Amino acid sequence: MTRSLEENKQLSQLLFPKVEKTVEDYEKIYPKRQLNESAKVTRFAPSPTGFVHIGGLFSALISERIAHQSEGIFYLRIEDTDKKREIDHGIEGIVDSLKNFGINIDEGYISESDEIGAYKPYKQSERMEIYHTFIKSLIEQDKAYPCFSTTEELEQLRKNQEDSNITPGYYGEFAIYRNKSFVEIKEKLDANIPFVIRLKSTGSPDRKISYKDIIKGNMEFPENIQDIVICKSDSLPTYHFAHAIDDHVMGTTHVIRGDEWLPSVPVHLQLFYTLGWKAPKYGHIPPILKQDGNSKRKLSKRKDPEAAVSFYHQEGYPTESVLEYLLNLANSSFEDWRKVNSEKSWNEFPFKAEKIGVSGALFDLVKLTDVSKNAISRMSAQDVYHKLLDWSKKYDQEYYSILFANKENSLKMINIERENKKPRRDISKWSEVKEYFSYMYDELYKINDVLDFPENVTNEDIKIILNGYVNIYNHNDTKEEWFNRIKDFSNSIGFATDMKDYKANPDNYKGSITDTTTVIRVAITGRKQGPDIYEIMNILGTKKVTLRLNVSKN
RNA sequence: GCCCCCAUAGUCUAGAGGCCCAGGACGCUGCCCUUUCACGGCGAAGACACGGGUUCGAAUCCCGUUGGGGGUACCA
């Protein structure tokens, strides 16, 4: 029944006549990396099947940290073995997303069609010859074989197995093509019957396999007993096989991936073992979840706009905000570190892979907002201005022109209370700034029909305040002079300046200095809240201030 | 069905048998400071899923239950 060594050799030749190189050739073409003992090699290996998912960015970030913190290599490999789901410009999207977030790769694709690095090609569809060479060798060694079962037959098999309550799948006695004779196989091949290549499993159902996951710790699984497909009928490798080949050949030391891969570990370990290689270390990260009714679920590409990293770009969250939020999700000690290292870059944080939580976290936009406010408050006005320009150039042309034309004033505005020991924390994303500072620009500022003055001040008093203030306003006042002037003025019209006294005897006054300034603020900015009103008036200038005061009176 | 993973407040988490009648951050909230907001200061409410063990002692170890997530493809 079984085939002789010679027959297997013939079979491999029959199957892969065009493969000329040998396994040894490839070990020479792609030699082992010359790196320090401690240097780690990681990769981000997405499929170009859609936009980059926030979970993808999460694993890319973790992989990048692990590599670069150990002075190792981080590379980008495109896993395009599923031609059915591939999209146009998929690679470009991936490359751009990483670039945008400042996650630097050492090897792999740097644009839709250009790649760098000594282990190219970094796209699986271009590595066919490599995979076939290794498959050919496995067949020669009787470790793999062609299987001619049709999808229908396999479905039927599964159904029968389920009905008789035995483990479903293609294994053991059900692996009918495992030991077919050379003659039988040749007949099928000559008849052009489509086939896949399967790996002959060496696993046993009553043996366990254990390994230590970098993130999840000690794991134990039953061995894989299935004769898994390693080469599909379109002659492309399956993910499992390409993973083993590429990560060995490219010298990956640590594989970081989503924990949906956890159940495949026995398969992968078996693959490495069968190929005679040392398996990389694995780290399985939990998914990023979203609350959906009563349950949590993975952020969905189809249902959740916030699943796409492009969403954060559009909204104008600075990349470091998103990265820091993600970093905090991975290592919760990040925020403590950030508190005492406010001027450092996120990539100086001593990241620890083994500290990553094991269970999935809900993505919390509110927390992201907080992280982002902090991140932006740490930036210089120049920095904020330029980031704002970059963002608006892409997403808000009108605002871009305004910012561009009003550089000086914009910078001053952004800088209000920015250089305090504790800077303002009012901006969390670029898309909200236009509205937030709209009163700064004549093009954007519109006096509301109904100004929202404080309720406790009568219309009559509002007029008194506005009329009086127009007369005493002096653009050349220092802040102190200005404040003294407001105080005197408030006193003169019956508004308290001593807050303690006001609180003790509110009935003695029409209101307090808070009300006076708020009325002025509303008249000038249309808002009850905002940065230091003295600074704002200073930037606006006498002309605009008096104009707005006069307009608001009516 | 079978296999695997997970389980501390609304959210993210610290916690690796006594330091914990559980600490931090976000959020929520009270007060103080204050020309508003922000900042800052001082507070408040809020959690070890449940049930059994083991132990002098358990959030921490074991077993079970429940709940959640994942896998079970010629998808990754």
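A quick note: this is a predicted structure, and the numbers were derived from the prediction, not measured. By convention in this document, chain letters (A, B, ...) are assigned in the order of the sequence lines, proteins followed by strands, and residues within each chain are numbered from 1.
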For nucleotides [N] and [M], find the distance between their [atom1] atoms and express it as a whole number of Å.
N       : M       : atom1 : answer
rG70(B) : rG52(B) : C1'   : 28 Å
rG24(B) : rG64(B) : P     : 36 Å
rU60(B) : rC48(B) : C1'   : 10 Å
rC21(B) : rA47(B) : P     : 15 Å
rA7(B)  : rC50(B) : P     : 15 Å
rC75(B) : rU13(B) : C1'   : 34 Å
rG51(B) : rA45(B) : C1'   : 29 Å
rG69(B) : rA49(B) : C1'   : 16 Å

I'd like to know if the side chain of [X] pairs up with that of [Y] as donor and acceptor (distance under 3.5 Å, no hydrogens or angles considered).
X         : Y         : answer
Ser201(A) : Gln226(A) : no
Asn328(A) : Glu324(A) : no
Glu155(A) : Thr151(A) : no

Hey, which sits more toward the 5' end of RNA chain B by its nearest nucleotide, Asn218(A) or Lys296(A)?
-> Asn218(A)
Pick the nucleotide of RNA chain B nearest each of Gln529(A) and Lys232(A); which residue has the one closer to the 5' end?
-> Gln529(A)
Residue [X], side-chain heavy atoms: nucleotide from [options] that is nearest:
X         : options                   : result
Lys208(A) : rU13(B), rC4(B), rC39(B)  : rC4(B)
Lys503(A) : rC5(B), rU34(B), rA25(B)  : rU34(B)
Ser332(A) : rG40(B), rA14(B), rC75(B) : rA14(B)
Thr151(A) : rA76(B), rC74(B), rC37(B) : rC74(B)
Leu362(A) : rC12(B), rU36(B), rA7(B)  : rC12(B)
Ala361(A) : rC75(B), rC12(B), rG1(B)  : rC12(B)
Asp336(A) : rG27(B), rU35(B), rG24(B) : rG24(B)
Asp364(A) : rU11(B), rG70(B), rG15(B) : rU11(B)
Arg424(A) : rA38(B), rU72(B), rA25(B) : rA38(B)
Lys500(A) : rC5(B), rA76(B), rC33(B)  : rC33(B)

Does a nitrogen or oxygen in the side chain of Arg425(A) sit under 4.0 Å from OP1 or OP2 of rC37(B)?
-> no
Checking all strands, does [X] fall into the base, sugar-phosphate, or nothing category for heavy-atom contacts under 4.0 angstrom?
X         : value
Val196(A) : base
Lys373(A) : nothing
Thr81(A)  : sugar-phosphate
Lys298(A) : nothing
Tyr239(A) : base
Ser233(A) : base

Donor-acceptor under 3.5 Å (Ser233(A) side chain, Pro194(A) main chain) | no
Counting distance only, does the side-chain N/O of Glu86(A) pair as donor-acceptor with the main-chain N or O of Ser47(A) below 3.5 Å?
->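 Pair absent, no side-chain N/O of Glu86(A) close to backbone of Ser47(A).
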Decide if the gap between the ring center of Tyr122(A) and the ring center of Tyr109(A) is smaller than 6.0 angstrom.
-> no
Test for a donor-acceptor pair under 3.5 Å between the base of rC6(B) and the side chain of Ser359(A), counting only N and O atoms.
->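 Absent.
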Taking OH from Tyr469(A) and C1' from rU35(B), how many angstroms apart are they, rounded to a whole number?
->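 Taking atom C1' of rU35(B) as the reference, OH of Tyr469(A) is at 11 Å.
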